[in-house]
Amino acid sequence: MSELSSPPRIIVTGASSIIGQFLLPKLANSGCEVHAISRNNRSGLIATEKNLFWHSSDISDPEQLPRLSANALVHLAPLWLLPPLLPVLDSLQLKRVIGFGSTSVFSKAGSVNPEERRLSVRLTEAEEEVSKLCAAFGMNWTVFRPTLVYDCVRDKNITRIASFIRRFGFFPLLGEGRGLRQPVHADDLANACILALWRPQTFNRAYNLSGGEALSYLQMVAKIFDALGKPARFFTVPEWLFHAAIKLVRLLPGGRGLNAEMATRMNVDLCFNHSEATRDFDFSPRLFLPHWDHADTMQK
């Protein structure tokens with residue numbers, strides 16, 4: 001940041017996300033003036049940082065974006081919300097943008113589930129629009145595509161598995177659960193933003209960001225059992241029964257986001273190489289070591 005004559009001003013959209021809870025204090029502690037934008041003002045997350053300012057705004061309407069002169073934007077909201085913001089940011093002379101997509105752009109492209117295919121197309125089109133618009137406006141962009149993101153508190157992946165294990169004491173598997181996974185911690189993704197923010201090597205590039213180890217779906221869930229202080233108990237379910245159960249669960253509160261493809265992928269490798277990120281900005285993610293407080297676990 002030596003090229004900046006004054007403390008940089010950073011806008012963070014989608015600031016109340018699980019990545020935001022780690023990124024905001026890192027930016028503030030590095031001396032940046034941070035403007036956190038979210039539909040839900042979660043200023044209580046970091047009440048002690050004097051150089052952090054919260055703005056309640058729905059960025060699905062670009063006109064609601066606060067008119068702030070800034071050096072960079074880190075966009076943690078869905079990637080397809082970023083292109084409509086770029087003309088507004090160009091009028092404010094912002095020149096650096098980091099956005100988050102997902103490796104779902106690849107893994108869900110051929111899904112039999114139409115909603116998942118639409119997600120892949122939406123992410124692909126958003127990446128293309130970011131590249132095209134940033135080139136037109138003279139902005140330097142970077143898109144990160146993380147794998148299975150977790151924080152053991154608010155994520156919808158690892159925490160959902162842990163909740164099932166807490167409630168039932170076992171976990172259902174379709175087949176052998178041999179598909180490889182690379183869970184990546186939200187804190188490591190926040191570090192990626194800090195590392196890449198001002199590095200020219202990262203300008204106008206997209207990076208896959210995966211976790212520090214590849215392990216089978218079964219091994220991943222076994223680690224969750226261990227972190228919860230429970231013996232690993234698996235129940236292998238026939239495919240026809242799993243599909244029937246998914247249909248029933250989708251009728252329950254919080255079940256609409258589930259589909260049969262999620263189960264089928266237990267035996268599909270979803271690994272993505274992050275060597276380019278390591279080469280260009282020293283990305284070094286941790287091993288998968290989920291953690292919950294055992295006393296809290298017993299209460300639940």
Side-chain angles (χ1 to χ4, degrees), residues 8 10-30 32 34-47 49 51-60 70 72-82 85 96-105 119 123 126-127 130 141-160 181-199 202 205-212 257 272 274 277-278 281-291:
I10 312 296
I11 299 172
V12 179
T13 44
S16 59
S17 68
I18 64 172
I19 300 173
Q21 66 183 324
F22 296 101
L23 177 62
L24 297 179
K26 292 178 189 291
L27 287 172
N29 290 334
S30 71
C32 297
V34 185
H35 289 266
I37 299 174
S38 175
R39 285 182 301 179
N40 302 312
N41 191 326
R42 299 177 61 90
S43 55
L45 281 175
I46 311 175
E49 301 297 343
N51 49 338
L52 172 64
F53 305 90
W54 281 88
H55 306 263
S56 181
S57 175
D58 183 356
I59 61 168
S60 63
L73 166 76
V74 180
H75 181 77
L76 304 179
L79 190 63
W80 50 84
L81 295 179
L82 178 54
L85 300 179
R96 179 69 173 121
V97 175
I98 291 179
F100 275 81
S102 169
T103 52
S104 293
V105 71
L119 173 62
L123 288 168
E127 286 194 20
V130 168
W141 61 272
T142 302
V143 169
F144 290 145
R145 306 185 193 108
T147 51
L148 189 68
V149 183
Y150 73 99
D151 69 342
C152 295
V153 179
R154 297 169 55 204
D155 68 86
K156 296 179 181 179
N157 301 302
I158 303 305
T159 298
R160 177 180 285 171
R181 295 293 186 273
Q182 293 169 290
V184 60
H185 199 285
D187 187 38
D188 290 329
L189 299 176
N191 285 333
C193 294
I194 300 295
L195 292 167
L197 193 54
W198 309 114
R199 293 204 188 189
T202 69
R205 291 181 57 91
Y207 295 92
N208 298 331
L209 299 184
S210 51
F272 297 88
H274 61 252
T278 300
F281 56 94
D282 302 322
F283 181 63
S284 181
R286 72 197 67 185
L287 301 178
F288 180 56
L289 294 172
H291 174 75

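Along the sequence shown, residues carry numbers from 1. Keep in mind that this is a model prediction, so the values were computed, not measured.
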* Asked: Hey, are the side chains of Asp155 and Leu148 touching, using non-hydrogen atoms and a 4.5 Å cut-off?
  ->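 Sidechains of Leu148 and Asp155: no contact.
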* To do: Report yes or no: do Gln21 and Asp151 form a side-chain donor-acceptor pair below 3.5 Å?
  =>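 Yes, side-chain donor-acceptor contact under 3.5 Å.
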* Asked: What's the spacing between Trp141 CH2 and Arg96 CZ if we round to 0.5 Å?
  ->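 Between Trp141 CH2 and Arg96 CZ, I get 10.0 Å after rounding to 0.5 Å.
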* Answer yes if the ring centres of His185 and Phe288 are under 6.0 angstrom apart, and no otherwise. =>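 Not under 6.0 Å, so no.
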* Asked: Which value, rounded to the nearest 0.5 Å, describes the distance between Thr13 atom OG1 and His55 atom NE2?
  ->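 Here the rounded value is 12.0 Å.
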* For Arg199, what residues pass the side-chain hydrogen bond (donor to acceptor under 3.5 Å, both in side chains) criterion, not counting sequence neighbours? ->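 Arg199: side-chain hydrogen bond (donor to acceptor under 3.5 Å, both in side chains) contacts with Asp282.
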* Asked: Once you round to the nearest 0.5 Å, how far does CG of Asp188 lie from SG of Cys193?
  ->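 Spacing of CG (Asp188) from SG (Cys193) equals 11.5 Å.
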* Asked: So, Ser16 versus Ser38: side-chain donor-acceptor pair below 3.5 Å or not?
  ->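 Judged by distance alone, the side chains do pair up.
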* Between atom CG of Leu24 and atom CG of Leu76, what is the distance when rounded to the nearest 0.5 Å? ->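 Interatomic distance, Leu24 CG to Leu76 CG, rounded to 0.5 Å: 7.5 Å.
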* Minimum-distance pair of heavy atoms, taken over all atoms of Pro146 and Gly101 ->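 Result for this residue pair: CD-O, 3.4 Å.
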* Residue pair Pro78 / Phe100, side-chain heavy-atom distance below 4.5 Å ->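 A side-chain contact is absent here, since even the closest heavy-atom pair is not under 4.5 Å.
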* Side-chain contact test, heavy atoms from C-beta onward, threshold under 4.5 Å: evaluate it for Asp187 versus Arg286 and give yes or no. =>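 Result yes, sub-4.5 Å side-chain heavy-atom pair found.
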* Asked: Atom CG of Leu81 and atom CG of Asp58: how far apart are they, to the nearest 0.5 Å?
  ->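 Result: 8.5 Å between the selected atoms.
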* **Full working for side-chain contact (heavy atoms from CB on, under 4.5 Å) between Arg205 and Thr142** => CA-CA 5 Å; Arg205 291 181 57 91; Thr142 302; 5.5 Å; no
* Asked: Listed by chain and number, what are the ring-ring contact (aromatic ring centres under 6.0 Å, His included) partners of Phe281, not counting sequence neighbours?
  ->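 Phe281 satisfies ring-ring contact (aromatic ring centres under 6.0 Å, His included) with Phe144, Tyr207 only.
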* To do: For Asn51 and Ala28, indicate whether the former's side chain and the latter's backbone hold a donor-acceptor pair under 3.5 Å.
  =>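 Indeed, once roles are kept as given, a pair shorter than 3.5 Å links the two residues.
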* Gly211 versus Val184, closest heavy-atom pair with distance ->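 Closest pair (atom of Gly211, atom of Val184, distance): N-CB, 3.7 Å.
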* **Criterion side-chain contact (heavy atoms from CB on, under 4.5 Å) on Ile10 and Cys32, from CA distance to verdict** => CA-CA 7 Å; Ile10 312 296; Cys32 297; 3.9 Å; yes
* Asked: Are the side chain of Asn29 and the backbone of Pro25 linked by a donor-acceptor contact shorter than 3.5 Å?
  ->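 Answer holds: yes.
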* Do the side chain of Gln182 and the main chain of Gly212 share a donor and acceptor less than 3.5 angstrom apart? ->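 Not a single qualifying donor-acceptor pair exists.
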* Given Arg145 and Leu123, is the side-chain contact (heavy atoms from CB on, under 4.5 Å) satisfied, shown in steps? -> CA-CA 10 Å; Arg145 306 185 193 108; Leu123 288 168; over 6 Å; no
* Measure the shortest side-chain to side-chain distance between Pro285 and His274 over non-hydrogen atoms and say whether it is less than 4.5 angstrom. =>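 Counting from C-beta outward, Pro285 and His274 do come under 4.5 Å.
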* **Side-chain heavy atoms of Tyr150 within contact of Thr159, under 4.5 Å** =>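 Result no, sub-4.5 Å side-chain heavy-atom pair not found.
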* Test item: Ser210 side-chain N/O and Phe272 main-chain N/O as donor-acceptor pair under 3.5 Å ->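 Here the side-chain-to-backbone pair exists.
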* **Within-4.5 Å side-chain heavy-atom neighbours: Val12 and Ile37** =>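 A side-chain contact is absent here, since even the closest heavy-atom pair is not under 4.5 Å.
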* To do: State, with a plain yes or no, whether a side-chain heavy atom of Leu73 is found less than 4.5 Å away from one of Leu82.
  =>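 Leu73 vs Leu82: side chains touch.
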* Check step by step if side-chain contact (heavy atoms from CB on, under 4.5 Å) holds for Ile59 and Leu85. => CA-CA 8 Å; Ile59 61 168; Leu85 300 179; 4.0 Å; yes
* To do: Supply the atom-to-atom distance Leu189 CG to Leu209 CG, rounded to the nearest 0.5 angstrom.
  =>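 Going from the CG atom of Leu189 to the CG atom of Leu209 covers 6.0 Å.
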* Asked: Under the side chain to side chain contact (heavy atoms under 4.5 Å, CB included) test, which residues partner Ile194, sequence neighbours left out?
  ->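 With sequence neighbours excluded, Ile194 shows a side chain to side chain contact (heavy atoms under 4.5 Å, CB included) to Leu23, Lys26, Leu27, given in chain and number order.
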* Asked: If we only count heavy atoms from C-beta on, is the Glu127 to Leu79 side-chain gap below 4.5 Å?
  ->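 The answer is yes, as the side chains (C-beta and beyond) meet within the 4.5 Å cut-off.
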